[in-house]
There are 2 protein chains.
Amino acid sequence: MSQALIRKLQNFVKLSAAEQRAIERAGSERVRRIGAHEDILREGDKPNGALLIVDGWACRYKYLEDGRRQIVGFSVPGDICDLNVFLLKEMDHSIGSLTEVVVADLSRETLEGLMSGSTRIAHALWWDNLVANAIQREWTINLGQRDAVERMSHLFCELFLRQKSAGRAQGNSCDFPPTQAELGDATGLSTVHVNRTLQQMRSADLITLQNKRLVINDIDALMRQAMFNPSYLHLDRDGAHLDAND
Amino acid sequence: MSQALIRKLQNFVKLSAAEQRAIERAGSERVRRIGAHEDILREGDKPNGALLIVDGWACRYKYLEDGRRQIVGFSVPGDICDLNVFLLKEMDHSIGSLTEVVVADLSRETLEGLMSGSTRIAHALWWDNLVANAIQREWTINLGQRDAVERMSHLFCELFLRQKSAGRAQGNSCDFPPTQAELGDATGLSTVHVNRTLQQMRSADLITLQNKRLVINDIDALMRQAMFNPSYLHLDRDGAHLDAND
DNA sequence: CGCCGCTTTGATGGAGATCAACCTTCGTGG
DNA sequence: CCACGAAGGTTGATCTCCATCAAAGCGGCG
């Protein structure tokens, strides 16, 4: 159930078999299935614990008063939404499903149990949280400085590598369910311009995007195009000195 | 020394006198003074602990390969930069001073001591961290959806309220040291357009900005203009049920 | 005084928004 | 099994916000 999370965390530190089982158990306690295009958590809701995305894609988003919408991040299998958010009275943004989604609710007690039971798990979860913040900063940079092609390219690089790090990519391809309108809400571009940008990228033979599947024809070219530097994802085992040895 | 931090944290939970002293002590252990326009921490550096901004303004930023720069956040007195960042091998962005700055280095041990000594402090620091993430999300929205006037207005609202919450505003005015070029790097606008946007805002009688001082003539009008909703700053004492009673 | 960092102004150009159709795909029900 | 409708994708024409380029003010300080 929580294989993706475990795989991802091991990019930081190797977990013991017992620790993996503990995460496995936490992630299978309260599992729900949610239809496509539903809200999982809404701005203003009281959060109880964290959400683990087990399968499918979700996004965090927020509407402005006048109806404009910005997607501030995508959540893919293995992602934890808002560790610690139960400290707050209410959600300041919404989380909605893009596809059918399987989530596990991680209660406050479950999380505290995991973290106090193993400092290695605690550190791994904090690492994941730091990476999530770094991703958010990178989105700020993306929207502030990059033009349409660079922006889309960067987004594709991010989501391919994130899925790969969780064992969710196949060769040079991965799931990619967002519609062009959703890509527009994420990149701050109009749907029309997203469409034209994708055509440009296709004709430059950077990517293929169809049937909710992304194929990256030339990852180096795509990364160059995006000026993508993967170091912000911190996938190079920063916690190796804390590895479990079983 | 750390009055601003203590003031700010009390927007979440009331701290006991002993807890305030503990923070005070932590924030006065290793204090340094840094000149204006210097790097405090550079991308690639190994982080040891967190930084507390005691006085002056700093910013987090990152360059793209081709020299474009994006400022991803401003740090004002009372702000902690990257709690827990010592888990990472290297910084994925830089922190630079805008003005002369006084910082306190909070070592990993100091932080762990503070947090294990008082769960109330631990929660308050996590709250601060959650708010920092929310601010980063809001920047994403700002750059993705708002036009120039709305964007600048939103930035002014944010920084006024943040300083106010740390006891650093005076009436309807506060420090505001960034140059127009720096505002451009933060908002993704050119310097020229920042200038024209400010003129527009001045002539609409929203703000006065001179001598590194921001005066907000009509906060309601400014917030309306920006479609600013302060709830993401979580200043309404979400931890009140955990208040100390002395 | 003269220089340097910052702000301001004017003129021109371009990336991307907006508007308005039209097309394609696919699920649903008659 | 085809009709139809809705959701998503594509195209063309026009407009606008903001970038860019270039130069000129302005104030503070050595």
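Numbered from 1 within each chain, the chains take letters A, B, ... in sequence-line order.
Of the residues in residues 63-71 of chain A, none has a non-hydrogen atom less than 4.0 angstrom from any atom of DNA chain C. Less than 4.0 Å separates DNA chain C from at least one heavy atom of each of the following residues of residues 185-202 of chain B: B:V192, B:N195, B:R196, B:Q199, B:R202.
When each of A:D147 and B:Q180 is assigned the nucleotide of DNA chain C with its nearest heavy atom, B:Q180 is the one assigned upstream, toward the 5' end. Of the residues near DNA chain C, A:V149 and B:E182, the one whose nearest nucleotide (by heavy atom distance) lies more toward the 5' end is B:E182.
Rounded to whole Å, atom P of C:dT25 lies 11 Å from atom CG of A:N211.
One finds a salt bridge joining B:D55 and B:R168 here, because a Lys/Arg side-chain nitrogen approaches an Asp/Glu carboxylate oxygen to under 4.0 Å.
Checking B:D39 against B:Y61 by side-chain atom types alone, a donor-acceptor pair falls below 3.5 Å. Judged purely by distance below 3.5 Å, without hydrogens or angles, the side chains of B:Q145 and A:Q70 pair a donor atom with an acceptor atom. With hydrogens and angles left out, the side-chain atoms of B:E138 and B:N142 include no donor and acceptor closer than 3.5 Å.
Centroid-to-centroid, the aromatic rings of A:F176 and A:F156 come within less than 6.0 Å.
For DNA chain D, the contact window with chain A, defined by any atom under 4.0 Å from a protein heavy atom, covers D:dG8 to D:dA13 in 5' to 3' order.
Taking every heavy atom of both residues into account, A:C174 and A:Q170 meet most closely at CA-OE1, 4.1 Å.
Side-chain N or O atoms of A:S97 include one that pairs as donor or acceptor with a backbone N or O of A:H37 at under 3.5 Å. The main-chain N or O of B:L88 is found under 3.5 Å from a side-chain atom of B:K46 such that the two form a donor-acceptor pair. In terms of modelled atom types and a separation under 3.5 Å, the side chain of A:E29 and the main chain of A:A26 share no donor-acceptor contact.
Between B:D175 and the options B:R213, B:K212, B:K164, B:R162, a salt bridge (charged side-chain N to carboxylate O under 4.0 Å, His left out) holds for only B:R213.
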